[in-house]
Asker: 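The structure under discussion is supplied below as structure tokens; questions concerning it will follow.
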Number of protein chains: 2
Amino acid sequence: MEDEPIIREVLVEYMEIAGYSVFVATDGEEAMRLVDHENLDLAILDIMVPKYNGFEVLNYIRLSHNKHIGVLMLSALDDVNSQVHAFNDTADDYIIKPVSPIILLKRMETLLRRVKSQISWQEGLKIDHEGYRALYNGIPLKLTLSEFLLLQVLYQSPHRVFSREQLILNIFNEDYIGNDRIIDAHIKNLRKKLPFNCIKTIVGVGYQFQKEEAYEVKK
Amino acid sequence: MEDEPIIREVLVEYMEIAGYSVFVATDGEEAMRLVDHENLDLAILDIMVPKYNGFEVLNYIRLSHNKHIGVLMLSALDDVNSQVHAFNDTADDYIIKPVSPIILLKRMETLLRRVKSQISWQEGLKIDHEGYRALYNGIPLKLTLSEFLLLQVLYQSPHRVFSREQLILNIFNEDYIGNDRIIDAHIKNLRKKLPFNCIKTIVGVGYQFQKEEAYEVKK
DNA sequence: TTTAATCTTCATCACATCTTCATACCAACG
DNA sequence: CGTTGGTATGAAGATGTGATGAAGATTAAA
């Protein structure tokens, strides 16, 4: 996306000569449609565009099926706040216009190098954030609200270890007063309902969502 | 690396407050030494520094054992050639000075997010600090907490010899009272679980981590 | 109000992990 | 060749933590 047609033409041509397939959207809505219907590796988002702005598209991407794609924000705004906003929303780069086409291309390729080497660890388990549902191969699991919230937090940051305290903060309001061990109880119930054992205990630390099984100890 | 001491101080403090371990080099040679002797996740390279410049350090990194780390080039040079040069040499970002510390931090974190997500498939032994995991060729080893912490400390500074006392301070709370030899026991158990004999005993002194390439694979 | 679902606490148990210790081993040295 | 100082190792006991089921409390639904 790029709000000035002529510059956009140049950039697109540049990228196509370099061997990339390029899709162009003229507003945020169209961009979202591309996210849904094309298998993108990278998105270049102009912030100031009609319908939905770049930040909104960015957030849409990160909640989408293709959330791992590289996102490069493009803007005439040189202020710190806008940049911090972009990075906080997990943009991968922020480029201030006007930009030399060659530098844009180099930054694209640099990001692609990192993006391409990622693997998607997700398999059958999906979280429907809006619907408060966890789906396994499309079939919803019957979770209580606490169980769902617990799974959601763990699932969103796979392999990150959350202490019981952190989980309590994430799941309940921060004014919760009660025993740490409430987490144990919910974990127990959640584990029973999950089709595979993906919640691992880190003794003395907390719990994490994990995909791979660990090596067995050699004898 | 940063050629102006005062600015560097501010940045380092900023990063440490944000929770990162920071090593500072004042010239290219020292930077290369850090690449060899610390297990870095990210390098911020000033281009104009003594002994070896930032580009030379970048190339050194990409040919090194830690070639996958994120590299962020920092320079007062605003010209296209220098930037293209950096990206061609597979830098991951190029920031023009002066830069707001918060933006530098955000760009660091953004890059780290991409670097870290590559951990899981990288060859060899990798430590996932956040996830309390040690990965061998992407597959987690089943370590206890003490074993993990032990490996983490040793791995963080390869070739540095740690006394039992130092290791106890790093692994347990400082109020630990007990036999030194607890370390021996954990080392023994840890060695059994590691695919390489990478923990070497320095008789009369302590233990050190040796980089795996120097060793034979266990049968 | 009654009923059902969900949350929360608690006591008990099982097991992972830690720690010590005794013995075996090894290298250096006289 | 034996002694010394140090480490490796396996076993066994001690400790601590999490798992679990039951039961009461709370909340929501009927």
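Below, read A as the first sequence line, B as the second, and so on, with proteins coming before strands; counting in each chain starts at 1. Not measured: the values here are computed from a predicted model.
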Asker: Phosphate oxygens OP1/OP2 of D:dA8: is one of them under 4.0 Å from a side-chain N or O of B:Thr201?
Answerer: yes
Asker: Is any NZ, NE, NH1 or NH2 atom of the basic residue among A:Arg114 and B:Asp92 found under 4.0 Å from an Asp or Glu carboxylate oxygen of the other?
Answerer: yes
Asker: Taking OP1 and OP2 of D:dG18, is either one under 4.0 Å from a side-chain nitrogen or oxygen of A:Arg164?
Answerer: yes
Asker: Checking contacts here: which listed nucleotide (C:dT19, C:dC7, D:dA22) is nearest the side-chain heavy atoms of A:Thr144?
Answerer: C:dC7
Asker: Is any side-chain N or O of A:Lys188 under 3.5 Å from a base N or O of D:dG21, one able to act as donor and the other as acceptor?
Answerer: yes
Asker: Tell me whether the side-chain N/O atoms of B:Tyr207 come closer than 4.0 Å to OP1 or OP2 in D:dG6.
Answerer: no
Asker: Can you see which heavy atom on A:Ile202 is nearest to which on B:Tyr132, and at what distance?
Answerer: CG2-CB, 4.2 Å
Asker: Tell me whether the rings of B:Tyr94 and B:Phe87 are parallel (<30°), tilted (30 to 60°) or perpendicular (>60°).
Answerer: tilted
Asker: Of the nucleotides C:dC7, C:dT19, C:dT17, which one has an atom closest to the side chain of A:His186?
Answerer: C:dC7
Asker: Output the single nucleotide from D:dT7, C:dC21, C:dC10 whose closest atom is nearest the side chain of B:Asp184.
Answerer: D:dT7
Asker: Nearest to the side chain of A:Ala185 - D:dG10, C:dT8, C:dT20?
Answerer: C:dT8
Asker: Compare the minimum distances between each of C:dT9, C:dT17, C:dT20 and the side chain of B:Asn179, then state the nucleotide with the smallest one.
Answerer: C:dT20
Asker: For a quick test of reading the model: is some side-chain N or O of B:Arg181 closer than 4.0 Å to OP1 or OP2 of C:dT19?
Answerer: no
Asker: Regarding B:Gln210 and B:His159, is there a side-chain donor-to-acceptor distance under 3.5 Å anywhere?
Answerer: no
